[in-house]
Colleague: 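First the structure, which I've put down as C-alpha cells, then a few questions once you've had a look.
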Amino acid sequence: MPVELIAEKPATARPVHLVTKAGLDAAGLDAAARAWAGANGFSGKVGELLCYPDETGRLAGALLGWSATREGFSPLATGRLARHLPPGDWFFAGSLDEPDNAALGLLLGGYRFTRYGKKQGDDLRFVAPQDVDVDRLERIAAGVFMARDLVNTPTNDLGPDALEQAVRGLAARHGAAVSVIAGEALLEQNFPMIHAVGRAAAQAPRLIDLVWGPQDAPRVTLVGKGVCFDTGGLDIKPASGMRLMKKDMGGAANVLGLASMIMAAGLKLRLRVLVPAVENAIAGDAFRPGDVLKSRKGPTVEIGNTDAEGRLVLADALALADEEAPQLLIDMATLTGAARVALGPDLPPFYTDDDAFAVALAAEAGRVCDPVWRMPLWAPYDAGLSSKVADVNNVTTDGFAGSITAALFLKRFVERAATWAHFDIFAWSPTDRPHGVAGGEAQAIRALESLLAARYPA
C-alpha cells in the first residue's frame, strides 16, 4: 500500500500535530513552529496542511487542521497526509480520540488509480497509533481499493468477461469456488431477465456465483448489479447520461470489495456472492419497451423502460439467492438517479424491513464514518408498478419516489431470507476528499464489514 503502518517509531520520524481552530497554543509546538504557522496563515481548518522547519531550515514536522467535533468524514481527514506529506517516516504527536479512523484515513487517502499511466506518488511510513489492529485496517483498505479499481476501469477493459475474471481472481486468493452460467444457458437454467438485458451485447450475459466458507455456517449472501455499461438500451440515454456508465457495475464492485474483507478476515459464515454481469447494449435483438419478460421467480414483468435494467438482472439473482433462505441477503446497485437527487453522492440510501438490522448498521456506519441512510419501503407506492398486461411493470409512470419504487420492485423477489437489505449506492465521488480522490468509491461496505465482524467473528 502507498502508506505503510509500522509498529516501531524510527529515530528520524517527524511528528504530525492535529490542530483545531484556535488550538495552536495547545498543540505542543515550540515557539518557532508557532511563529511559522502564524506567518503562513495556518487556521486549523479541517484538512489544512502545513509543514514547518526546524531552526536550521530542515523539515521538522507538520500541522493538520482538525475538527473538535465529528462532522461527516472529518475523522478520516488524515487521508490528506497520504497525498501531500513529503516521503519519509512520520507519527502522530499526542493522543488521538479515534485512532482507528485516523489510521484508516491515512490508508484510504493513499489510493491512486494507476492502470493507465498515472503515477502512484511517494510512499509514506507512518507509526501506527497504539492499540490499532493494523491487519484489519489493511484488509479493509484492500477491499475499498478493489471496489475503487473496478469502478474506475473503463468498459473496454472491464466488460462481463473481465468482471468474471476479477471474481475468479478474488476466489483464487481465498480458496473460494466459482461457477458461471452464461449465454443461452441462462435461458436453459431459468434466468430469463438476465439473458434479456444482456443478449444484445458482444460479450455474453452471465451469472457469476462465488461460494466460500463452511456449509453449516450462517448464510450471508451478497448480490451486486454488474451492468458493465448501460446505454439505456432502446430507451437510450443522452450522451451526458452515458458519460459515467462504466460505473454501473458499482454494486458488483462493492460486494466484491466486501467479500474480500470477509474472506481475508476469516469470518465464521457461509458467504455467497452473486453477480449478474451484462452490458445493456443496442442491437437488433435488444429487449424493447413494451416487452413482457418472465422472471425466474415466476411473475411476468412488463418493460416500461429499458433503462431500468438493473432491477431486472437483480430480480433473477435475488430469486436464486432467496431459494436457500440465507440469514442475511444484501444487494447493492447503482440503481436510481432519484437516490442521488434525494441524498446526494455521499449518502447512499438503504431499505429493509428488519428494524434491528437497520439500527445496528446505522450505529456501525456512524462509528466507521461510512454513512448510510434508511429509507422507507412505503407499501402504498407499490401500486405505481401495476401493469395492464403483466404481473408488474419495471417502472412507474408518475416519476415519483423512484428509489423507493425500485426497492419495492426488488422486494417482490425476496420471501425466505431472514433479513434482506437493498443499498442504492452511487459508487462514485465527484470531488476529491481527504480519504479518497474523485472517482470510483466504496460505499456502505466498511459499515457492513464492521457489523458482520461483530456478528460472525473469526
Colleague: Hey, are Lys297 and Asp316 close enough for a salt bridge, meaning a charged N less than 4.0 Å from a carboxylate O?
Modeller: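 No, Lys297 and Asp316 are not salt-bridged.
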
Colleague: So among Arg340, Lys225, Arg311, which one has a salt bridge (Lys or Arg N to Asp or Glu O under 4.0 Å) with Asp424?
Modeller: Arg340

Colleague: Between Arg83 and Asp432, is the salt bridge (charged side-chain N to carboxylate O under 4.0 Å, His left out) condition met? List the steps.
Modeller: CA-CA 11 Å; Arg83 296 197 297 279; Asp432 287 347; 5.4 Å; no

Colleague: For the side chain of Arg80 and the backbone of Gly47, is there at least one donor-acceptor N/O pair under 3.5 Å apart?
Modeller: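 Such a contact is found between Arg80 side chain and Gly47 backbone.
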
Colleague: Passes side-chain hydrogen bond (donor to acceptor under 3.5 Å, both in side chains), Asn280 versus Thr231? Steps please.
Modeller: CA-CA 6 Å; Asn280 188 17; Thr231 64; 4.9 Å; no

Colleague: Identify the two heavy atoms, one from Ala252 and one from Gly226, that lie closest to each other, and give their separation to 0.1 Å.
Modeller: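 Between these two residues, the closest heavy atoms are CB-CA, 3.9 Å.
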
Colleague: State whether Asp355 and Arg374 are salt-bridged, where the test is any N-O pair (Lys NZ or Arg NE/NH1/NH2 against Asp/Glu carboxylate O) under 4.0 Å.
Modeller: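 So Asp355 pairs with Arg374 through a salt bridge.
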
Colleague: Rounded at 0.5 Å granularity, tell me how far NZ in Lys247 sits from CG in Asp230.
Modeller: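 Taking NZ in Lys247 and CG in Asp230, the distance rounds to 10.0 Å.
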
Colleague: If every non-hydrogen atom of Val151 is compared with every non-hydrogen atom of Gly440, which pair is closest and at what distance?
Modeller: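 For Val151 versus Gly440, the nearest heavy atoms are CG1-CA, 3.6 Å.
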
Colleague: Would you please indicate yes or no on a ring centroid separation below 6.0 angstrom for Phe423 and Tyr351?
Modeller: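 No; Phe423 has its ring centre 6.0 Å or more from that of Tyr351.
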
Colleague: What pair of heavy atoms forms the shortest contact from Gly257 to Ile445, and how long is it?
Modeller: C-CD1, 4.1 Å

Colleague: Can you see whether Asn393 engages Ser387 through a side-chain donor-acceptor pair at a distance of less than 3.5 angstrom?
Modeller: no

Colleague: Quick one: do Phe350 and His422 satisfy ring-ring contact (aromatic ring centres under 6.0 Å, His included)? Show the steps, please.
Modeller: CA-CA 5 Å; Phe350 75 101; His422 161 61; 9.9 Å; no

Colleague: Looking at Leu318, is its backbone amide N or carbonyl O close enough to the side chain of Asp331 to form a donor-acceptor pair, meaning the two atoms are under 3.5 Å apart?
Modeller: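 Such a contact is absent between Asp331 side chain and Leu318 backbone.
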
Colleague: Nearest 0.5 angstrom please: Ser67 OG to Lys21 NZ, how far?
Modeller: 9.0 Å

Colleague: Taking Ser429 for the side chain and Ala438 for the main chain, is one N or O donor matched with an acceptor at less than 3.5 Å?
Modeller: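 Checking the backbone N and O of Ala438 against the side chain of Ser429, no donor-acceptor pair under 3.5 Å is found.
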
Colleague: With no hydrogens and no angle check, is any side-chain donor or acceptor of Thr306 less than 3.5 Å from a backbone partner on Gly232?
Modeller: yes

Colleague: Got a second to check how far Leu108's CG is from Arg433's CZ, nearest 0.5 Å?
Modeller: 10.0 Å

Colleague: When the side chains of residues 448-458 are checked against the rest of the protein, which donor-acceptor pairs come out under 3.5 Å, sequence neighbours left out?
Modeller:
unit_1, atom_1, unit_2, atom_2, d
Glu449, OE1, Arg136, NH2, 2.8
Ser450, OG, Glu364, OE1, 2.5
Ser450, OG, Arg367, NH2, 2.5
Tyr456, OH, Gln327, OE1, 2.3

Colleague: Do any side-chain atoms of residues 375-382 form donor-acceptor pairs under 3.5 angstrom with protein atoms, and if so which ones, sequence neighbours left out?
Modeller:
unit_1, atom_1, unit_2, atom_2, d
Asp382, OD1, Arg412, NE, 3.4
Asp382, OD1, Arg412, NH2, 3.4
Asp382, OD2, Arg412, NH2, 2.7

Colleague: Determine whether Thr78 and Phe92 satisfy the following criterion, side-chain contact (heavy atoms from CB on, under 4.5 Å), listing intermediate values before the conclusion.
Modeller: CA-CA 10 Å; Thr78 50; Phe92 288 114; 3.7 Å; yes

Colleague: I need the Leu104 CG to Glu138 CD distance, nearest 0.5 Å.
Modeller: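 Reported value, rounded in 0.5 Å steps: 11.0 Å.
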
Colleague: Give the intermediate values and the outcome of salt bridge (charged side-chain N to carboxylate O under 4.0 Å, His left out) for residues Arg416 and Glu324.
Modeller: CA-CA 8 Å; Arg416 302 180 63 194; Glu324 62 178 16; over 6 Å; no

Colleague: Determine, step by step, whether Glu164 and Ile208 satisfy the side-chain contact (heavy atoms from CB on, under 4.5 Å) criterion, reporting the C-alpha distance in whole Å, the side-chain angles of both residues, the deciding distance to 0.1 Å, and the verdict.
Modeller: CA-CA 7 Å; Glu164 177 186 331; Ile208 308 165; 3.8 Å; yes

Colleague: Please walk me through it: do Asp216 and Lys268 pass salt bridge (charged side-chain N to carboxylate O under 4.0 Å, His left out)?
Modeller: CA-CA 10 Å; Asp216 58 352; Lys268 300 301 184 186; over 6 Å; no

Colleague: Are any side-chain N or O atoms of Arg270 and backbone N or O atoms of Gly213, one a donor and one an acceptor, separated by less than 3.5 Å?
Modeller: yes

Colleague: Minimum heavy-atom separation for Leu64 to Ala77, with atom names?
Modeller: CD2-O, 3.9 Å

Colleague: Test side-chain contact (heavy atoms from CB on, under 4.5 Å) on Arg272 and Leu222; report intermediate values, then the result.
Modeller: CA-CA 6 Å; Arg272 189 179 195 185; Leu222 312 176; over 6 Å; no

Colleague: With a 3.5 Å distance limit and no angle check, can you tell me whether Asn394 reaches the backbone of Ala308 through a side-chain donor-acceptor pair?
Modeller: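 Confirmed, Asn394 side chain pairs with Ala308 backbone.
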
Colleague: If you draw a 6.0 Å radius around NZ in Lys237, do more than 12 non-hydrogen atoms from other residues or ligands fall strictly inside?
Modeller: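 More than 12 within 6.0 Å, yes.
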
Colleague: Main chain of Gly298, side chain of Ser295: is a donor-acceptor contact present, judged purely on distance under 3.5 Å?
Modeller: yes

Colleague: Assess Arg148 against Phe113: is NZ or CZ under 6.0 Å from the centre of the six-membered ring, and within 45 degrees of the ring's axis?
Modeller: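 No, Arg148 does not sit over the ring of Phe113.
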
Colleague: Given side chains that start at C-beta, do those of Thr300 and Val392 come closer than 4.5 Å, heavy atoms only?
Modeller: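 Not touching, per the 4.5 Å side-chain cut-off.
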
Colleague: Go through it in stages, so that I can follow the logic: the residues are Val301 and Asp391, the test is side-chain contact (heavy atoms from CB on, under 4.5 Å), and I'd like the CA-CA distance, side-chain angles, deciding distance and then a yes or no.
Modeller: CA-CA 6 Å; Val301 181; Asp391 294 315; over 6 Å; no

Colleague: Is it true that Glu98 and Arg70 have a side-chain N and a carboxylate O under 4.0 angstrom from each other?
Modeller: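 Salt bridge flag = yes for Arg70 with Glu98.
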
Colleague: When you measure from the centre of the six-membered ring of Phe287, is the NZ or CZ of Arg199 under 6.0 Å away and within 45° of the axis?
Modeller: no

Colleague: Any idea which heavy atoms bring Arg296 and Glu323 closest together, and the distance?
Modeller: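 So the minimum-distance heavy-atom pair works out to NE-OE2, 2.9 Å.
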
Colleague: Between Asp322 and Trp420, is a side-chain hydrogen bond (donor to acceptor under 3.5 Å, both in side chains) present by the stated rule, with each step listed?
Modeller: CA-CA 9 Å; Asp322 193 56; Trp420 165 68; over 6 Å; no

Colleague: Got a second to check how far Asp370's CG is from Gln443's CD, nearest 0.5 Å?
Modeller: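 That separation rounds to 8.0 Å.
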
Colleague: Go through the steps to decide whether Tyr116 and Asn152 satisfy the test side-chain hydrogen bond (donor to acceptor under 3.5 Å, both in side chains), and finish with yes or no.
Modeller: CA-CA 11 Å; Tyr116 299 101; Asn152 284 328; over 6 Å; no

Colleague: Would you confirm whether Thr155, through its side chain, and Cys228, through its main-chain N or O, come within 3.5 Å as a donor-acceptor pair?
Modeller: yes

Colleague: Write down the atom of Ala82, the atom of Leu106, and the distance for their closest heavy-atom approach.
Modeller: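 It is CB-O, 3.4 Å.
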
Colleague: First locate atom OG1 of Thr153, then atom CG of Asp149, and finally report the distance between them rounded to the nearest 0.5 Å.
Modeller: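 Reported value, rounded in 0.5 Å steps: 6.0 Å.
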
Colleague: Near Asp97 CG, under 6.0 Å, is it more than 12 heavy atoms from other residues, nucleotides or ligands?
Modeller: no

